[in-house]
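Here is the structure we will look at.
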Amino acid sequence: MSADPKALYQEVILDHNRKPRNYGELDNPSHHAEGVNPLCGDHIHLALDIKDYTISRIAFHGESCAICKASASMMTAAVKGKRTDAAETLIHEFVDMATGRVAAEDSPQIGRLAVFSGISALPMRVKCAILPWHTLQAAFRSEASTSTEAAADPMHAPLGDA
C-alpha cells in the first residue's frame, strides 16, 4: 500500500520548515545571492562555497513561507557535495517538475524532491517552491539577486542556461 502523496508532501514540508537543513550563514562564501518573491513576501539569502567545481558548503537564511523554506532546505541537502554541472541539471529538472512541464518520474535526478510534484496545481505556490532554485542559479552566475516577478517570473520566463 502506497502512502498518500498529499500527506507525504505535507509531512515533508512541515519537517523541513520546523527543522531546516543547512539553515544559517556562511563566513566568506565564494558565491551568494538574494532571492525575493514580492507577492508572497519570501526573502532568502543563499551562500555557498564552490571548490574544484563542487559545492563544498551551502547555507540559506531569511524570512519565507513553509514551502519556500522546505524547498530551500531540501535543495541545499540535495546539492551539497555535488558538482556544479549536476546541480544545474537538478535546478532545471526541479523547475520543470514544479511548473508542470515534466513529470517527476521523467526527471532522473529528482528523487525525494518529487514531493513537490503536485505544486504545479497551485500556481501561486510554485513561485515559493522554486525561488531557492532560482537563487542558487543566480549565485552560480554571480548575480546579486533574483526575483519571481516580471521578466524573472518562473511561470512565464524559461529558466536560462548557465
Side-chain angles (χ1 to χ4, degrees), residues 13 16-17 19-102 104 107-116 119-120 123-162:
I13 298 299
H16 280 269
N17 183 51
K19 298 178 288 188
R21 283 47 155 198
N22 303 302
Y23 190 83
E25 297 185 38
L26 291 183
D27 290 333
N28 304 312
S30 64
H31 294 73
H32 58 88
E34 172 184 36
V36 179
N37 177 352
L39 192 60
C40 177
D42 295 332
H43 189 179
I44 64 169
H45 298 269
L46 182 70
L48 59 150
D49 271 333
I50 298 174
K51 294 182 180 156
D52 298 323
Y53 301 100
T54 300
I55 300 168
S56 59
R57 299 186 311 150
I58 187 166
F60 76 99
H61 70 278
E63 295 296 322
S64 63
C65 68
I67 292 171
C68 183
K69 187 183 283 186
S71 181
S73 175
M74 291 184 74
M75 177 195 72
T76 60
V79 301
K80 189 174 184 179
K82 284 198 183 307
R83 291 184 48 84
T84 54
D85 56 348
E88 282 280 355
T89 298
L90 190 55
I91 290 168
H92 289 280
E93 287 186 11
F94 184 87
V95 171
D96 285 347
M97 177 197 66
T99 56
R101 292 182 206 135
V102 176
S107 300
Q109 307 302 315
I110 287 296
R112 294 178 186 187
L113 296 164
V115 298
F116 286 96
I119 200 83
S120 63
M124 297 305 292
R125 306 313 287 180
V126 168
K127 293 179 181 189
C128 303
I130 65 177
L131 177 63
W133 299 86
H134 274 267
T135 307
L136 177 60
Q137 189 164 62
F140 284 164
R141 294 177 176 175
S142 299
E143 296 171 0
S145 65
T146 189
S147 173
T148 58
E149 295 306 307
D153 182 347
M155 292 301 291
H156 299 98
L159 190 65
D161 293 323

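The first residue in the sequence is number 1, and the count goes up from there.
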Partner residues of [X] under the side-chain hydrogen bond (donor to acceptor under 3.5 Å, both in side chains) criterion, sequence neighbours left out:
| X | result |
| --- | --- |
| S64 | none |
| T84 | none |
| D49 | R57 |
| K51 | none |

field: Side chain proximity check, C40 to R125, heavy atoms < 4.5 angstrom
entry: yes

message: Any non-hydrogen side-chain atom of T135 less than 4.5 Å from a side-chain atom of F60?
response: no

Partner set under side chain to side chain contact (heavy atoms under 4.5 Å, CB included) for [X], not counting sequence neighbours:
| X | result |
| --- | --- |
| A66 | I13, N17 |
| E25 | H61 |
| A59 | L26 |

For F94, ring pair (Phe, Tyr, Trp, His ring centres under 6.0 Å) partners two or more places apart: F116, W133

task: Using the test ring pair (Phe, Tyr, Trp, His ring centres under 6.0 Å), find all partners of Y53 that sit at least two apart in sequence or belong to another chain.
output: none

- request: Supply the atom-to-atom distance L48 CG to S56 OG, rounded to the nearest 0.5 angstrom.
  value: 8.0 Å

message: Quick check for you: to the nearest 0.5 Å, what is the distance between I58 atom CD1 and K80 atom NZ?
response: 9.0 Å

Taking every non-hydrogen atom, the tightest pair across A87 and V79: CB-CG1, 4.0 Å

query: If you look at every heavy atom in P132 and L46, which pair is closest and at what distance?
result: O-CD2, 4.3 Å

- request: Name all pairs fulfilling the salt bridge (Lys or Arg N to Asp or Glu O under 4.0 Å) condition that reach into residues 91-100, sequence neighbours left out, sorted by first residue then second.
  value: D96-R101

task: Sequence neighbours left out, what passes salt bridge (charged side-chain N to carboxylate O under 4.0 Å, His left out) with R83? Give chain and number order.
output: D85

N/O donor-acceptor pair under 3.5 Å between R21 side chain and K19 backbone: yes

Pairs meeting criterion side-chain hydrogen bond (donor to acceptor under 3.5 Å, both in side chains) with involvement of residues 28-47, two or more places apart: E34-H43, N37-T148

